[in-house]
Amino acid sequence: MNIAVYCSSRSDLEERYIMAATALGEWIGRNGHTLVYGGSNAGTMHTLAQAAHDAGASITGVIPQCFAKRADMLVDTLISTTDLAERKSRMIALADLFVVLPGGIGTIDEWISTLTHLVVAGDTATRIVVVNIGGIFNDMLAQLQATASSPFARGGVPVDGHCIVANSVEEMIKQLDYNTL
């Protein structure tokens, strides 16, 4: 299974975020999956890739040309894109499952773009596991729920239908095990 992971390229993060990236990378490799990620050699992106690599995973990095100098050498396949929009499209097309680790505006953009793609495509089978460590995404989840329940949303509640929230590394692993069977 190809698992796209959206996460941070910041390097000065708390240990709990590093541990989540490490646990996810190890799980991907141990279970014979392929990691698809942003391809950067920094932050939790690199931590994730290193753990996946060490556990035997195949790794695909998708990096826009503007970040080419930051490409991670751990990747088995490096896909260069013209910009961030193409990067998101390629990652969405490559993945069977998505995981959102704590991150900034870029991570949120990737998550929302993926959710929008799944809803518009009518894809009711593909899931997004949102790793909500320390409640980092509580406000975003509440906003998505409010929007989905509003008259502006069509056809159901995409947060409940597509996003599975895990509030710890242990919950993340449990959800991954369940959603990859």
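For the pair Leu13 and Ser8, the minimum side-chain heavy-atom distance is below 4.5 Å. Residues Leu144 and Thr147 have side chains not in contact (no heavy-atom distance under 4.5 Å, counting atoms from C-beta outward). Between Ile128 and Leu118 the shortest side-chain heavy-atom distance falls below 4.5 Å. Between Val36 and Val5, every side-chain heavy-atom pair lies at or beyond the 4.5 Å cut-off. A heavy-atom distance below 4.5 Å is found between the side chains of Val99 and Val131. Here the side chains of Leu115 and Phe98 are not in contact, with every heavy-atom distance at 4.5 Å or above.
Within a 6.0 Å sphere centred on CG of Asp83, other residues, nucleotides and ligands contribute more than 12 heavy atoms.
Partners of Asn31 according to the side-chain hydrogen bond (donor to acceptor under 3.5 Å, both in side chains) rule, which considers only residues two or more places apart in sequence or in another chain, do not exist here. Every residue meeting the side-chain hydrogen bond (donor to acceptor under 3.5 Å, both in side chains) condition with Glu86, not counting sequence neighbours, appears here in chain and number order: Thr82.
Between the side chains of Thr47 and Tyr17, no donor-acceptor pair of N or O atoms lies under 3.5 Å.
With hydrogens and angles ignored, the 3.5 Å screen pairs no side-chain donor or acceptor of Asn2 with any backbone N or O of Asp96. With hydrogens and angles disregarded, a donor-acceptor distance shorter than 3.5 Å links the side chain of Arg87 to the backbone of Val62.
Between atom OG of residue Ser113 and atom CE of residue Met91 there is a gap of 11.0 Å, rounded to the nearest 0.5 Å. Put simply, CD1 on Ile59 and CG on Leu35 are 5.5 Å apart, with the number rounded to the nearest 0.5 Å. In this structure, CG on Asp123 lies 11.0 Å from OG1 on Thr114, to the nearest 0.5 angstrom. With rounding to the nearest 0.5 angstrom, the CD1 atom of Ile63 is 13.5 Å from the CZ atom of Arg90. Rounding to the nearest 0.5 Å places OG of Ser80 at 12.0 Å from CZ of Phe67. Note that CD1 of Ile92 is 5.5 Å distant from NE2 of His117, once rounded to the nearest 0.5 Å.
Residue pairs meeting the side chain to side chain donor-acceptor pair (under 3.5 Å) criterion with at least one member in residues 163-173, sequence neighbours excluded: Asn132-Asn167, Ser168-Glu170. Among residues at least two apart or in separate chains, salt bridge (charged side-chain N to carboxylate O under 4.0 Å, His left out) pairs with a member in residues 15-39 are Glu14-Arg16. Contacts classified as side chain to side chain donor-acceptor pair (under 3.5 Å) and involving residues 50-61 (residues at least two apart or in different chains) are given here: Gln50-Asp54.
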Would Ile164 and Val130 count as a side chain to side chain contact (heavy atoms under 4.5 Å, CB included) if you check the C-alpha gap in whole Å, the side-chain angles of each, and the deciding distance to 0.1 Å?
CA-CA 6 Å; Ile164 299 161; Val130 179; over 6 Å; no
Hey, mind stepping through Val169 and Leu24 against side chain to side chain contact (heavy atoms under 4.5 Å, CB included) and telling me if it holds?
CA-CA 8 Å; Val169 171; Leu24 177 56; over 6 Å; no
Stepwise, does the side chain to side chain donor-acceptor pair (under 3.5 Å) test hold for Asn41 with His46?
CA-CA 5 Å; Asn41 65 357; His46 177 71; over 6 Å; no
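The hydrophobic clustering, which links ILVMFWY residues whose side-chain heavy atoms are closer than 4.5 Å, places Ile133 and Leu176 together. Residues Met172 and Ile18 are members of separate hydrophobic clusters, defined by side-chain heavy-atom contacts under 4.5 angstrom among Ile, Leu, Val, Met, Phe, Trp and Tyr. Grouping the Ile, Leu, Val, Met, Phe, Trp and Tyr side chains by contacts below 4.5 angstrom, directly or via other members, places Tyr37 with Met1.
Heavy-atom minimum distance, Arg127 versus Asn179: CG-OD1, 3.6 Å. Shortest non-hydrogen contact noted between Ser40 and Asp72 is O-OD2, 3.2 Å. Of all heavy-atom pairs spanning Ala57 and Gly29, the tightest one is CB-CA, 3.6 Å. Nearest heavy atom pair, residue Ala21 against residue Leu101, reads CA-CD1, 3.8 Å. Nearest approach of Ala49 to Leu74, heavy atoms of both residues: C-CD1, 3.8 Å.
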Identify each donor-acceptor pair in which a side-chain atom of residues 105-112 lies under 3.5 Å from a protein atom, sequence neighbours left out, and give them as a table.
| residue | atom | partner | partner atom | Å |
| --- | --- | --- | --- | --- |
| Thr107 | OG1 | Cys7 | O | 3.2 |
| Asp109 | OD1 | Lys88 | NZ | 3.2 |
| Asp109 | OD2 | Lys88 | NZ | 2.8 |

